[in-house]
Student: 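Sharing a structure with you now.
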Amino acid sequence: MKVAYVQMEPVFLEPEANYSKAEELIRTAADEGAELIVLPELFDTGYNFRSREEVLEVAGQIPDGPTTQFLMELSRELGVFIVAGTAEKDEGGRLYNSAVVTGPIGSGYIGKYRKVHLFYREKLFFEPGDLGFHVFNIGIAKVGVMICFDWFFPESARTLALKGADIIAHPSNLVMPYAPRAMPIRALENRVYTITANRIGEEFGLRFIGKSTIASPRAEVLAVGSEDEEEVAVVEIDLGMARNKKLNEMNDVFGDRRPEHYAL
């Protein structure tokens, strides 16, 4: 199976411009054979909001809003699965930092995830995610989704892995330098593939680090992005490696867990 990240620089509060930019990069990944393509967190809106009113201006419902509809149409046309971050507004007007999963089957809409661990000023605008961590079936693979700062909590990736994820899709807007080094360890300790799709650029004093990363269950860095270029990377992965939790004939990453000793 081939998977990809899209690394891009969103235009702040300009969804239409971001759709055009994302579409070009998604088409490039699809042309190179990618079956699963991961975009950054809030790829359609930019990140460093200054007021709740700005978020309300660009947030949409899932799946009926323009961003999800755009991704659904592209998934159906290109025959690919997409995971992408977006600002969600529910019917009650609550705002969530969310990710949508779309694919070439049925309507194109597969599901959504709402970010559980909010970072810094996100807490001023978004509600904490209330849907928990989920694994989505996309063709032959099972994909878990977490967003950016979720990586900082080992329980996020471990929960997705215990629920059967082969791959963890990780839309991000990283500003701290740690995740590109840490995500291969998250992949190793859970024996899964991880795809971190980060953005580049700067918004109102926040600089985003790029360095989107695909890591293997052996902690191999299969692809890493630049710090300042829009780009895609497509790599071939072996799902069998993610489904084999054995380190040797006597050790199994999950079989050797002893949760009765982990309680506080």
Side-chain angles (χ1 to χ4, degrees), residues 6-26 38-74 82-102 109 111-134 145-153 156 169-176 179 196-210 228 230:
V6 164
Q7 180 168 288
M8 59 180 281
E9 182 175 3
V11 182
F12 189 64
L13 301 183
E14 294 288 346
E16 292 296 332
N18 295 322
Y19 298 158
S20 296
K21 184 176 294 194
E23 180 175 351
E24 180 179 350
L25 293 165
I26 289 168
V38 184
L39 274 65
E41 175 185 20
L42 299 170
F43 88 95
D44 54 339
T45 62
Y47 176 83
N48 198 13
F49 300 109
R50 296 160 294 183
S51 68
R52 179 178 171 83
E53 287 68 34
E54 283 185 337
V55 190
L56 286 167
E57 178 185 335
V58 291
Q61 293 191 351
I62 299 174
D64 296 327
T67 293
T68 309
Q69 291 294 314
F70 158 74
L71 296 169
M72 289 162 58
E73 291 173 11
L74 208 51
I82 300 172
V83 179
T86 185
E88 178 191 2
K89 176 171 60 181
D90 74 5
E91 292 181 355
R94 291 177 292 270
L95 296 170
Y96 297 94
N97 185 339
S98 296
V100 295
V101 184
T102 63
Y109 176 67
K112 67 182 176 183
Y113 163 71
R114 291 170 171 167
K115 187 175 184 179
V116 168
H117 303 100
L118 298 177
F119 180 71
Y120 195 41
R121 295 181 69 251
E122 293 173 31
K123 294 186 175 185
L124 300 178
F125 313 119
F126 296 111
E127 301 292 325
D130 56 357
L131 301 177
F133 291 101
H134 290 282
V145 181
M146 63 185 193
I147 298 175
C148 203
F149 192 49
D150 284 329
W151 82 263
F152 211 92
F153 302 85
S156 305
H170 183 214
S172 295
N173 276 189
L174 298 165
V175 295
M176 298 190 294
T196 298
N198 196 32
R199 63 160 291 177
I200 59 169
E202 185 171 332
E203 282 179 0
F204 310 114
L206 276 185
R207 178 184 173 275
F208 304 92
I209 68 169
D228 55 9
E230 294 186 313

Student: How long is the gap from CD1 on I82 to CE on M72, to the nearest 0.5 Å?
Tutor: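 Output value for this atom pair is 11.0 Å.
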
Student: Do F12 and F204 have ring centres separated by under 6.0 Å?
Tutor: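 So the answer is yes for these two rings.
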
Student: Counting C-beta onward and ignoring hydrogens, is there a side-chain heavy-atom pair between F208 and Y47 closer than 4.5 Å?
Tutor: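 Touching, per the 4.5 Å side-chain cut-off.
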
Student: Less than 4.5 Å apart, side chain to side chain, heavy atoms only: is that true for L95 and L56?
Tutor: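 Yes - at least one pair of side-chain heavy atoms lies under 4.5 Å apart.
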
Student: Do you know which two heavy atoms are closest between P40 and V6, and how far apart they sit?
Tutor: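 Looking at all heavy atoms of both residues, the closest pair is CD-O, 3.3 Å.
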
Student: Parallel, tilted or perpendicular for F133 and Y113, by the 30°/60° rule?
Tutor: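 Rings of F133 and Y113: parallel, as their planes differ by under 30°.
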
Student: Would you name the heavy atoms of A84 and L39 that are closest together and state the gap between them?
Tutor: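 Answer, listing the atom of A84 first, then L39: CB-CB, 3.8 Å.
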
Student: So how far is it from I200 CD1 to E230 CD, rounded to the nearest 0.5 Å?
Tutor: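 Going from CD1 on I200 over to CD on E230, the span is 5.0 Å.
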
Student: Only one of N97, L42, L71, I62 clears side chain to side chain contact (heavy atoms under 4.5 Å, CB included) with T86; which?
Tutor: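 When side chain to side chain contact (heavy atoms under 4.5 Å, CB included) is applied between T86 and each of N97, L42, L71, I62, only I62 qualifies.
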
Student: Nearest 0.5 Å, please: how far is CE in M8 from CZ in R199?
Tutor: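 If I round to the nearest 0.5 Å, the distance is 8.5 Å.
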
Student: Do Y19 and P66 come close enough that some side-chain heavy atom pair is under 4.5 Å?
Tutor: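 Answer yes - side chains close enough.
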
Student: Find out whether R114 and D90 are in side-chain contact, i.e. whether some heavy atom of one side chain is under 4.5 Å from a heavy atom of the other.
Tutor: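 In contact.
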
Student: Parallel, tilted or perpendicular: which describes the rings of F153 and F149, with under 30° parallel and over 60° perpendicular?
Tutor: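 Perpendicular.
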
Student: Would a 4.5 Å heavy-atom cut-off, applied to side chains only, mark W151 and T196 as touching?
Tutor: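 A side-chain contact under 4.5 Å is absent here.
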
Student: Taking the side chain as C-beta and beyond, is there a heavy-atom pair between I209 and N198 under 4.5 Å?
Tutor: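 Heavy-atom side-chain distance check passes, below 4.5 Å.
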
Student: Would the number of heavy atoms belonging to other residues, nucleotides or ligands and lying under 6.0 Å from CD of E202 be above 12?
Tutor: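 Yes, the 6.0 Å shell around CD holds more than 12 heavy atoms from other groups.
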
Student: So, for G85 and P171, which heavy atoms are closest and what is the spacing to 0.1 Å?
Tutor: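 Heavy atoms of G85 and P171 come nearest at N-CB, 4.1 Å.
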
Student: Quick check for you: to the nearest 0.5 Å, what is the distance between N48 atom CG and Y120 atom OH?
Tutor: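 Rounded to the nearest 0.5 Å, the CG-OH separation comes to 9.0 Å.
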
Student: How long is the span from the OH atom in Y96 to the CD atom in E122, to the nearest 0.5 Å?
Tutor: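 Spacing of OH (Y96) from CD (E122) equals 14.5 Å.
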
Student: At their closest point, which heavy atom of H170 faces which heavy atom of V38, and how far apart are they?
Tutor: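 Shortest heavy-atom separation between H170 and V38 comes out as N-CG1, 4.1 Å.
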
Student: Flag the pair V58 / F49 as yes when at least one side-chain heavy-atom distance between them is below 4.5 Å, and no otherwise.
Tutor: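 The answer is yes, as the side chains (C-beta and beyond) meet within the 4.5 Å cut-off.
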
Student: Is any NZ, NE, NH1 or NH2 atom of the basic residue among K115 and D150 found under 4.0 Å from an Asp or Glu carboxylate oxygen of the other?
Tutor: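 Salt bridge between K115 and D150, a charged N being under 4.0 Å from a carboxylate O: no.
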
Student: Apply side chain to side chain contact (heavy atoms under 4.5 Å, CB included) to F43 and T67, showing your working.
Tutor: CA-CA 10 Å; F43 88 95; T67 293; 3.7 Å; yes

Student: Could you grab the distance from atom CD1 of I26 to atom NZ of K21, nearest 0.5 Å is fine?
Tutor: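 Going from the CD1 atom of I26 to the NZ atom of K21 covers 13.0 Å.
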
Student: Check A87 against F126 and note the closest heavy-atom contact, atom names and distance.
Tutor: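 That closest heavy-atom pairing would be CB-CE2, 4.2 Å.
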
Student: Minimum heavy-atom separation for C148 and N173, please, with both atom names.
Tutor: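 Taking every non-hydrogen atom into account, SG-N, 3.4 Å.
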
Student: Apply salt bridge (Lys or Arg N to Asp or Glu O under 4.0 Å) to E23 and list each qualifying residue two or more places apart in sequence or on a separate chain.
Tutor: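 Listed in chain order: R27.
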
